[in-house]
Asker: 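Okay, handing you the structure first.
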Number of protein chains: 2
Amino acid sequence: MIELRLLKQLATFYEYGTLSAAAEVLLISQPTLTRSMKQLEDELGIKLFIRGKNHLSLTATGVRAAEYANQLLNLAEDFETKIKAYDRSLHTISIGYCAPVPQLVMMPLINNIFSGMTISSDMKSDEKFEDNLLQGIYQLAITHYEPENEKLFSKKCGSESLYMSFSQGNPLAFYPQLYLKDLDGLSILLLSQIGFWADMHREKTPNSKYLLQIEESSFIEIAAHSEYPTFTSSYFINRNETMPGRINVKLADPECYTDYYLVCLDSEKKKYEKLFNIVNENTIK
Amino acid sequence: MIELRLLKQLATFYEYGTLSAAAEVLLISQPTLTRSMKQLEDELGIKLFIRGKNHLSLTATGVRAAEYANQLLNLAEDFETKIKAYDRSLHTISIGYCAPVPQLVMMPLINNIFSGMTISSDMKSDEKFEDNLLQGIYQLAITHYEPENEKLFSKKCGSESLYMSFSQGNPLAFYPQLYLKDLDGLSILLLSQIGFWADMHREKTPNSKYLLQIEESSFIEIAAHSEYPTFTSSYFINRNETMPGRINVKLADPECYTDYYLVCLDSEKKKYEKLFNIVNENTIK
DNA sequence: CTACTTTACGGTATGCGTAAGCATT
DNA sequence: AATGCTTACGCATACCGTAAAGTAG
């Protein structure tokens, strides 16, 4: 069996034209290459080179061999990358979250159940979650709608309501409930990674000015020391994790309430059985 | 770059199930295999094996790797065979002859002009010579008809007439010429490798009994010591290489006369230019 | 007790680099 | 002189086999 080392050297010589140049590229000495190429010819029992006293070039067969060698080398590299990718796919679970609160709740559960696996989380609007699951980009997803594709398996795993958080001086803070239209035009402090909620805001309060904060720490910092209203959610209110000195008013629009669904490929539901067994309607609350 | 040696060993282990068995097949010691497989895992940085104290088996990734390795190994073997076949094709000329006399004449010419090349001759009925030239099975052919395919290049290179050779006592020996129908029913001594002539005989003298001789020496032996008529040809008569004590009578049927054509691919006529230049209408005569 | 794997040890062959020589431009 | 290939020589490492130990059936 011809070793790939020799083919690599042949291909490099073909590319660079001289043994010296090839040797430099390959980080080996030039005499070593001389020997290797001779060995290759010996093993094949075929003349691959035309030897001048001071010059080496490939025969027609040599050229053909070098080109074929390149193909083989590419496939050999594929071998490594594909095997690594396959192994990785066996040991990692990629999860798509449509909002931050589901991630907050599910992450510890998943880490616990699938300890030893690498968990890779992704948060964004969930328009393409169905496709991503079908394509194997995600193994699990939390959506804010119940998927209808019959190749997908899903279970309701909680819900969330949006609230507005006002500082005490704000006149809106005294309403028992509010609607998004009441907020349109306000300047509102907002965290950037909020999944599908972002779409909803853009749509329902097009005239509001959102002060986007990428980092949670700076978001809290600014919220604590300013009068800007912010969004909060039933999740935090249920846990009394609200900002001190702020008043939370429920948003009554239907768009400000959502159910959440845990989704996987129907063909893989066995694999994620434990997780589905633990999860119920009140998991995210 | 992963060396094929390791992949070969992996594939063998996959096939035979234990290191010991694989080692035996590979003609190496079993501890060597242990190390190789460990090395393979190291180089990939991936677990391929599940190790019990007394048992070794492949992980899912390991199985995948072994299967992929098999593909690579097959391609590597292809490399060798294809390169060798290509090299051979550069150094050999395969020639199809439709009859023995053209071979007698052309062989020395071709050997002379293409010295250093391996010449491979083949004689049979020329029905498929056009296809075989187009497919690269032959580089040259001698046909007994002028090919019409425009991808082929041809030149008339001679002709041949058949004669019957009778022993002196035979009454047919005194005719100035004969027709095949006059021979139908006779027992005739015949060499087996006579190309397209065989078809003609079968067709025109269906009732003759042919005493087929495979070896030329036994053909001559029997011809010399028996009364059986044989075929001979203008080629031998022109050279006075006829059998002693025999009388040769020309066969007057049109089927017993043929022209010969030297043929090659039109795209390769340059390559065989010298030969075509030497050859003319009287080369085979 | 047999079959299999792993570890340890020591030898050898294979591959490599340096040095030197020769030819070509 | 500079560039490029080959040969010769000595070394390091990588690979291999034998021996031995441990474990499971």
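Within every chain, numbering begins at 1; the chains are lettered A, B, ... in the order of the sequence lines, protein sequences first and strands thereafter.
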Asker: Would A/Y272 and A/F153 count as a close aromatic pair, with their ring centres under 6.0 Å?
Answerer: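 For A/Y272 and A/F153, the ring centres are not under 6.0 Å apart.
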
Asker: With respect to the phosphate group of D/dC15, does any side-chain polar atom (N or O) of B/R5 fall under 4.0 Å of OP1 or OP2?
Answerer: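 It does, given that an N or O in the side chain of B/R5 lies less than 4.0 Å from OP1 or OP2 of D/dC15.
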
Asker: Minimum heavy-atom separation for B/Y145 and B/E130, please, with both atom names.
Answerer: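 Where B/Y145 meets B/E130 most closely, the heavy atoms are CE1-OE2, 3.5 Å.
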
Asker: Go through the side-chain N and O atoms of A/Q71 and A/E67 and say whether any donor and acceptor fall under 3.5 Å apart.
Answerer: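 No pair is found: no donor N or O on one side chain lies under 3.5 Å from an acceptor on the other.
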
Asker: Say whether, by atom type as modelled, one donor and one acceptor occur between the side chain of B/S120 and the main chain of B/I93 under 3.5 angstrom.
Answerer: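 Answer holds: no.
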
Asker: Counting only heavy atoms and a strict 4.0 angstrom limit, can you tell me which residues of residues 55-70 of chain A come near DNA chain D?
Answerer: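 Contacts with DNA chain D under 4.0 Å: A/H55, A/L56.
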
Asker: Quick check: does any side chain N or O of B/Q139 sit under 3.5 Å from a backbone N or O of B/S94, one acting as donor and the other as acceptor?
Answerer: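 Confirmed, B/Q139 side chain pairs with B/S94 backbone.
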
Asker: Name the one of B/E160, B/H144, B/E146 that satisfies side chain to side chain donor-acceptor pair (under 3.5 Å) with B/Y260?
Answerer: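 The single option meeting the side chain to side chain donor-acceptor pair (under 3.5 Å) with B/Y260 is B/E160.
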
Asker: At under 4.0 Å between heavy atoms, how does the protein contact nucleotides 19-24 of chain D? Give one character per nucleotide, 5' to 3', with B, S or -.
Answerer: B--BBB

Asker: Under 4.0 Å between a Lys/Arg side-chain N and an Asp/Glu carboxylate O for B/K84 and B/D87?
Answerer: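 Salt bridge absent between B/K84 and B/D87.
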
Asker: Between A/E281 (side chain) and A/K156 (backbone), is there a donor-acceptor pair under 3.5 Å?
Answerer: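 Here the side-chain-to-backbone pair does not exist.
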
Asker: Between B/L4 (CG) and D/dC15 (C1'), how many Å, whole number?
Answerer: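 In whole Å, D/dC15 C1' lies 17 Å from B/L4 CG.
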
Asker: Measure from CD on B/E3 to P on D/dT13 and round the result to the nearest Å.
Answerer: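 In whole Å, D/dT13 P lies 19 Å from B/E3 CD.
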
Asker: Do the side-chain N and O atoms of A/Q30 and A/T34 include a donor-acceptor pair separated by under 3.5 angstrom?
Answerer: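 Side-chain D/A pair, A/Q30 to A/T34: present.
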
Asker: Please state whether the phosphate of C/dT7, meaning OP1 or OP2, lies under 4.0 angstrom from any side-chain nitrogen or oxygen of B/K38.
Answerer: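 Looking at the OP1 and OP2 atoms of C/dT7, one of them is under 4.0 Å from a side-chain N or O of B/K38.
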
Asker: Using a 3.5 Å distance criterion without hydrogens, assess whether the side chain of A/K155 forms a donor-acceptor pair with backbone atoms of A/V279.
Answerer: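 It does hold such a pair.
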
Asker: Does the ring centre of A/F49 sit less than 6.0 Å away from the ring centre of A/F13?
Answerer: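 For A/F13 and A/F49, the ring centres are under 6.0 Å apart.
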
Asker: How far apart are the closest heavy atoms of A/I110 and A/I95, and which atoms are they?
Answerer: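 For A/I110 and A/I95, the tightest heavy-atom pair comes out as CD1-CD1, 3.3 Å.
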
Asker: What is the separation between atom CD on B/Q9 and atom P on C/dT5, rounded to the nearest whole Å?
Answerer: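 Taking atom P of C/dT5 as the reference, CD of B/Q9 is at 14 Å.
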
Asker: Atom CE of B/M37 to atom P of C/dC4: distance rounded to whole Å?
Answerer: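 For the pair B/M37 CE and C/dC4 P, the rounded distance is 17 Å.
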
Asker: What is the separation between atom CG on B/L26 and atom C1' on D/dC16, rounded to the nearest whole Å?
Answerer: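 So the CG-C1' distance, B/L26 to D/dC16, works out to 13 Å.
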
Asker: Given C/dT6, is OP1 or OP2 found less than 4.0 Å from the side-chain N or O atoms of B/T34?
Answerer: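 So the side-chain polar atoms of B/T34 do come within 4.0 Å of the phosphate oxygens OP1 or OP2 of C/dT6, strictly under.
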
Asker: List in numerical order all residues of residues 14-21 of chain B for which some heavy atom is under 4.0 Å away from an atom belonging to DNA chain C.
Answerer: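 When residues 14-21 of chain B is checked for heavy atoms under 4.0 Å from DNA chain C, the hits, listed by number, are B/T18, B/L19, B/S20.
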
Asker: OP1 or OP2 of D/dC15 less than 4.0 angstrom from a side-chain nitrogen or oxygen of B/T32, does that happen here?
Answerer: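 For D/dC15, OP1/OP2 do not have a side-chain N/O of B/T32 under 4.0 Å.
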
Asker: Figure out the CG/C1' separation between B/D42 and D/dA14, and round it to whole Å.
Answerer: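 In whole Å, D/dA14 C1' and B/D42 CG are 14 Å from each other.
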
Asker: Expressed as a whole number of angstroms, how long is the span from B/E24:CD to C/dT5:C1'?
Answerer: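 After rounding, the gap between these two atoms is 16 Å.
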
Asker: Taking OP1 and OP2 of C/dT6, is either one under 4.0 Å from a side-chain nitrogen or oxygen of B/R51?
Answerer: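 So the side-chain polar atoms of B/R51 do come within 4.0 Å of the phosphate oxygens OP1 or OP2 of C/dT6, strictly under.
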
Asker: In whole angstrom, give the distance that lies between atom CD1 of A/I28 and atom P of C/dG17.
Answerer: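 Rounded to the whole Å, the gap is 6 Å.
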
